[in-house]
Amino acid sequence: MKKSTMMCIAAAVLITYACSTVPISGRNRISFISETEMQTAAAQSYTTLLKDPSTKVLNTADATRVKRIGQQIAAAVTKYMNANGYAAQIEGFKWEFNLIDSKEINAWCMPGGKVAVYSGILPVAKDDAGLATVMGHEIAHAIAQHSSERASKAAVAELGGSLIGAATGNKSAAIQTGINQAYGLGAQGLYLLPNSRTQELEADHLGLIFMSMAGYNPASAVTFWQRMSAASAGAQKPAEFFSTHPADATRIAQIQKDLPEAQKYFKSTSGKPVQ
Ligand SMILES: [Zn+2]
């Protein structure tokens, strides 16, 4: 058998056994780098970042709001995941929500539910529903395991032929290389690497539903993104929330299209959509 054919078979075997389904969107994602490995790396990075002397973690009324809204959404999502056969996908999650003093209009979430909101986004978020839009979006990135998907894709791209080794028993070494290459930037790589356009739109879609499950009107997401659009016009550098993909207009149009679906969860008291 030709070497190239063998490589294809090995990659196909690996990928076949390494796909999982994103809740709600139903998208099939590649994920042969385990969530547990991602969560361990993320928990360490999060702690390091919060303890860094240059990071000012706030303990204000707004910080309490961030924690309260984050916990509300996380509780609603956990209930949904457990009730719909996705409990294994949130195993090991330990949600943390912190408000960091920074002028940057940004927020991010590391694997396992480690969320940071920068104080610069608060004026744009404006109210609790705006903040719930931000946090629903970030929580969605963690629930959909977008980081391990990015690391898996990077491993496939970077490792190439060594995937044969990964498929035949030397998997952990290949995975470690994948993580290192995907997150070669160090701790910051866990949240600074841009998400793909697909992941961004998926986080918007899931986030809209998650904020609804927690009792926040998803219609608020539209006005929030309109404010973001205006704010990003004056932004100096791209950030998670200013990712140029998808463009604001596409994003807002997609959210408007997803609103009726999200509204069903908003009206629900059972955690399941109202038909
Ligand atoms: Zn995002």
Side-chain angles (χ1 to χ4, degrees), residues 22-25 27 29 31 35 38 42 45-46 49 66 69-70 73-74 77 93 95-100 102 104-118 120-122 124-125 129-154 182-183 185 188-212 214 216 218 220-229 231-232 235 237-258 262:
V22 178
I24 296 172
S25 78
R27 184 174 65 88
R29 77 192 146 203
S31 59
E35 254 298 287
M38 296 299 293
S45 297
Y46 194 70
L49 184 104
V66 164
I69 294 169
I73 300 174
V77 173
F93 270 57
W95 295 100
E96 282 189 60
F97 303 94
N98 282 289
L99 180 64
I100 292 172
S102 167
E104 231 180 282
I105 304 177
N106 205 8
W108 44 259
C109 181
M110 287 182 185
K114 309 297 189 194
V115 178
V117 174
Y118 292 179
I121 207 168
L122 294 178
V124 188
L131 200 47
T133 306
V134 173
M135 301 186 77
H137 175 96
E138 292 307 327
I139 285 170
H141 276 309
I143 290 289
Q145 301 181 4
H146 285 160
S147 291
S148 68
E149 183 181 21
R150 287 204 306 273
S152 299
K153 279 185 175 168
Y183 295 115
L185 296 169
Q188 290 191 329
L190 278 164
Y191 59 89
L192 286 183
L193 282 187
N195 290 292
S196 71
R197 179 190 165 86
T198 303
Q199 290 182 335
E200 280 308 318
L201 289 173
E202 190 168 74
D204 284 345
H205 177 202
L206 267 60
L208 201 63
I209 289 172
F210 293 166
M211 72 185 279
S212 305
Y216 295 95
S220 306
V222 175
T223 46
F224 166 77
W225 280 108
Q226 284 164 346
R227 289 194 297 276
M228 273 305 289
S229 179
S232 65
K237 60 174 182 176
E240 217 285 314
F241 263 85
F242 288 142
S243 61
T244 50
H245 53 86
D248 294 331
T250 311
R251 174 165 241 161
I252 291 169
Q254 185 64 45
I255 288 171
Q256 279 170 326
K257 196 169 146 269
D258 290 340

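Just follow the structure's listing: the first ligand is 1, and inside any ligand the first atom is 1.
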Within 2.8 Å of the Zn ion (ligand 1), is there any N, O or S atom belonging to E138? no
Taking side chain as C-beta onward, heavy atoms only, is V222 less than 4.5 Å from I252? yes
Find, among atoms of H137 that are N, O or S, the one nearest to the Zn ion (ligand 1), and state its name. NE2
One thing to verify: whether E202 and R29 come together as a salt bridge, which I'm taking to mean a side-chain N less than 4.0 angstrom from a carboxylate O.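 Here R29 does not pair with E202 in a salt bridge, since their nearest N and O are not under 4.0 Å apart.
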Results of side-chain hydrogen bond (donor to acceptor under 3.5 Å, both in side chains) for E35 - residues two or more places apart only: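 Result, side-chain hydrogen bond (donor to acceptor under 3.5 Å, both in side chains) vs E35: Q39.
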Partner residues of D258 under the side-chain hydrogen bond (donor to acceptor under 3.5 Å, both in side chains) criterion, sequence neighbours left out: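 For D258 the side-chain hydrogen bond (donor to acceptor under 3.5 Å, both in side chains) partners, ignoring immediate neighbours, are Q254.
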Rounded to the nearest 10°, what angle sits at the Zn ion (ligand 1) between NE2 of H141 and OE1 of E200?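 Reported to 10°, the angle equals 120°.
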